[in-house]
Amino acid sequence: MNLIKRIFTKEQKQNKPPEKPSVEKTPYEIIGGEAGAHNLSKRFYDIMEQDEYARPLLELHPQPLDRIRFVFFEFLSGWLGGPDLFTEKYGHPMLRKRHLPFLIDEELRNQWIYCMNKALDIEIDNPLLRQNLKKSFLQLATHMINHE
């Protein structure tokens, strides 16, 4: 009887639904905290550097990308519900204002989303969280459009 109970309990644990963000557990925690946010930032810029489709987007970024990768990690940390590193260091993100010097049209937004979606597909195991992050990033990136 004990063996059947252990097998049944083990099967239940393996079929457990993916974690959902909650008051108790943020997306930052679900993706692995600091390491997860670092990995997402790094992967995003790796894709931007390697994929020809994102070449115009890459050309807008200061080279080398080391500093911007870290600044993006700092932003992601707070945006995902972790430590608010960006705000502590630079003040309120004011993303649209910070991006106004760059002409961002729908095509650049699409390139950014393309890179981010590929990074999310690789780095985020939780399907529900990945889907919700894709929606949130799309809203964020669409808000950055400042040129037709």
Side-chain angles (χ1 to χ4, degrees), residues 9-148:
T9 304
K10 185 177 181 181
E11 285 178 10
Q12 280 183 327
K13 288 179 184 176
Q14 289 174 346
N15 294 329
K16 186 174 86 172
E19 292 181 273
K20 296 178 183 176
S22 65
V23 174
E24 294 83 27
K25 198 143 193 182
T26 65
Y28 178 83
E29 293 169 303
I30 294 171
I31 70 168
E34 182 178 335
H38 262 296
N39 291 344
L40 183 57
S41 174
K42 182 181 180 325
R43 180 75 65 183
F44 170 78
Y45 279 103
D46 286 350
I47 292 165
M48 188 188 301
E49 279 184 305
Q50 296 164 6
D51 197 304
E52 196 58 38
Y53 173 66
R55 181 74 48 212
L57 178 64
L58 176 64
E59 290 172 357
L60 289 178
H61 289 77
Q63 302 293 322
L65 293 174
D66 299 341
R67 182 179 181 284
I68 197 72
R69 284 176 195 262
F70 190 74
V71 171
F72 189 50
F73 152 72
E74 291 172 318
F75 169 76
L76 285 177
S77 176
W79 192 80
L80 292 167
D84 212 356
L85 304 173
F86 186 95
T87 302
E88 291 169 6
K89 199 170 185 178
Y90 310 103
H92 189 283
M94 300 182 295
L95 292 178
R96 186 160 168 82
K97 182 177 180 182
R98 289 180 194 269
H99 288 82
L100 278 176
F102 308 100
L103 294 179
I104 301 172
D105 59 12
E106 191 173 322
E107 183 57 29
L108 274 178
R109 187 267 326 253
N110 291 346
Q111 291 169 22
W112 194 95
I113 286 299
Y114 171 84
C115 295
M116 180 51 72
N117 283 347
K118 284 185 84 167
L120 290 168
D121 288 341
I122 295 167
E123 296 296 330
I124 308 299
D125 293 332
N126 181 311
L128 181 60
L129 179 59
R130 185 175 52 245
Q131 177 185 4
N132 288 334
L133 287 174
K134 284 181 178 185
K135 287 179 186 175
S136 294
F137 278 122
L138 179 59
Q139 289 175 340
L140 181 67
T142 299
H143 181 66
M144 297 301 109
I145 294 175
N146 60 22
H147 186 72
E148 289 187 26

Taking the ring of W112 and the ring of F137, is the distance between their centroids below 6.0 Å?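 Judged by ring-centre distance (under 6.0 Å), F137 and W112 do meet the cut-off.
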Is there side-chain contact between [X] and [Y], with at least one heavy-atom pair below 4.5 Å?
X: L58; Y: Q63; result: yes
X: Y53; Y: C115; result: no
X: M116; Y: L40; result: yes
X: L57; Y: M48; result: yes
X: F86; Y: S77; result: no
X: L133; Y: W79; result: yes
X: R43; Y: I47; result: yes

Take L138 and R109 through the test side chain to side chain contact (heavy atoms under 4.5 Å, CB included) and record every step on the way to the result. CA-CA 8 Å; L138 179 59; R109 187 267 326 253; 4.0 Å; yes
Please set out all donor-acceptor pairs under 3.5 angstrom arising from side-chain atoms of residues 65-75, sequence neighbours excluded.
from	atom 1	to	atom 2	distance (Å)
R69	NH1	K42	O	3.0
R69	NH1	D46	OD1	2.8
R69	NH2	D46	OD1	3.0
R69	NH2	E49	OE1	2.6
E74	OE1	Y90	OH	3.1
E74	OE2	K89	NZ	3.0

Approximate separation, where rounding is to 0.5 Å, of [X] [atom1] and [Y] [atom2]:
X: L128; Y: I30; atom1: CG; atom2: CD1; value: 8.5 Å
X: D105; Y: N110; atom1: CG; atom2: CG; value: 8.5 Å
X: F44; Y: K118; atom1: CZ; atom2: NZ; value: 12.5 Å
X: L100; Y: H147; atom1: CG; atom2: NE2; value: 13.0 Å
X: E107; Y: Y114; atom1: CD; atom2: OH; value: 11.5 Å
X: R130; Y: I124; atom1: CZ; atom2: CD1; value: 8.0 Å

What closest approach, in Å, do [X] and [Y] show between heavy atoms, and which atom pair accounts for it?
X: P27; Y: L129; result: CB-CD1, 3.8 Å
X: M144; Y: I104; result: O-CB, 3.6 Å
X: G78; Y: D84; result: CA-OD1, 3.8 Å
X: R96; Y: I145; result: NH1-O, 2.6 Å
X: T87; Y: P93; result: OG1-CD, 3.7 Å
X: I113; Y: A141; result: CD1-CB, 3.7 Å

Do side-chain atoms of N146 reach the backbone of F102 as a donor and acceptor pair under 3.5 angstrom?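 Flag set: sc N146 to bb F102 pair under 3.5 Å.
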